[in-house]
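Inspection log for the structure reproduced underneath, given as structure tokens.
This is a predicted model, so every value here is computed, not measured. Numbers here are sequence positions counted from 1.
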Amino acid sequence: MNEYNEYVSEVFSATGDIVIKSMMGGYLVYFNGKLIGDICGNELFLKRTPTSDRLLADLELRYPYEGSKTLMHVFDKFEDADLITELLEGMYAELPERKPRDS
């Protein structure tokens with residue numbers, strides 16, 4: 001894992017369990033077992049939910065990678081612990097449960 005991923009993990013883990021998994025040249029970011037976003041090119045992209053749209057309204061919306069069909073928030077407010085807590089807890093409540101894999 002690179003320094004940026006470690007930094008994201010360190011900052012966000014104050015709120016809950018963060019897991020970052022390598023996937024197709026980028027990384028998937030999970031919070032307490034739910035997919036909340038992607039890391040592509042040392043930028044954190046967070047999924048759009050009612051909470052993230054409200055709290056991150058002033059941040060840029062971009063596609064995380066070429067061919068993506070999902071606009072996401074480009075997150076850079078790592079110094080705002082209160083915002084991160086409110087954001088992650090709200091997103092967690094709004095995102096669907098992770099689907100179990102068929103074995």
Ignoring hydrogens and angles, tell me if any N or O in the side chain of S13 forms a donor-acceptor pair with the backbone of S9 under 3.5 Å.
yes
Apply the test side chain to side chain contact (heavy atoms under 4.5 Å, CB included) to residues D76 and L59: give CA-CA distance (whole Å), side-chain angles for both, the deciding distance (0.1 Å), then the verdict.
CA-CA 8 Å; D76 64 359; L59 296 183; 3.6 Å; yes
Min side-chain heavy-atom separation L61-V74 under 4.5 Å:
no
Is any side-chain heavy atom of F31 closer than 4.5 Å to a side-chain heavy atom of M91?
no
Any chance you could measure E79, atom CD, to I84, atom CD1, to the nearest 0.5 Å?
7.5 Å
Checking V19 against K21 for the side chain to side chain contact (heavy atoms under 4.5 Å, CB included) test, could you report, in this order, the C-alpha distance in whole Å, the side-chain angles of both residues, the deciding distance, and whether it holds?
CA-CA 6 Å; V19 174; K21 293 184 177 180; 3.9 Å; yes
Counting only pairs under 3.5 Å, give me each side-chain donor-acceptor contact of residues 36-48, with atom names and distances, residues two or more places apart or in other chains.
from	atom 1	to	atom 2	distance (Å)
N42	OD1	N2	ND2	3.4
E43	OE1	R62	NH2	2.3
E43	OE2	R62	NH2	3.2
R48	NE	D53	OD1	2.9
R48	NH2	D53	OD1	3.4
R48	NH2	D53	OD2	3.3

Is any side-chain heavy atom of V8 closer than 4.5 Å to one of E6?
no
Could you check whether any side-chain heavy atom of I20 comes within less than 4.5 Å of a side-chain heavy atom of L28, counting everything from C-beta outward?
no
Once side-chain contact (heavy atoms from CB on, under 4.5 Å) is applied, do any residues pair with S22, and if so which ones, sequence neighbours excluded?
Y27
Give every residue pair that meets the ring-ring contact (aromatic ring centres under 6.0 Å, His included) criterion with at least one member in residues 46-75, sequence neighbours excluded.
F12-F75, F75-F78
Set of residues satisfying salt bridge (Lys or Arg N to Asp or Glu O under 4.0 Å) with respect to E86, sequence neighbours excluded
R54
From L83 CG over to L56 CG, what is the distance, rounded to the nearest 0.5 angstrom?
6.0 Å
Using the test side-chain contact (heavy atoms from CB on, under 4.5 Å), find all partners of D58 that sit at least two apart in sequence or belong to another chain.
K77
Excluding sequence neighbours, so at least two apart, what forms side-chain contact (heavy atoms from CB on, under 4.5 Å) with E94?
T49, P50, T51
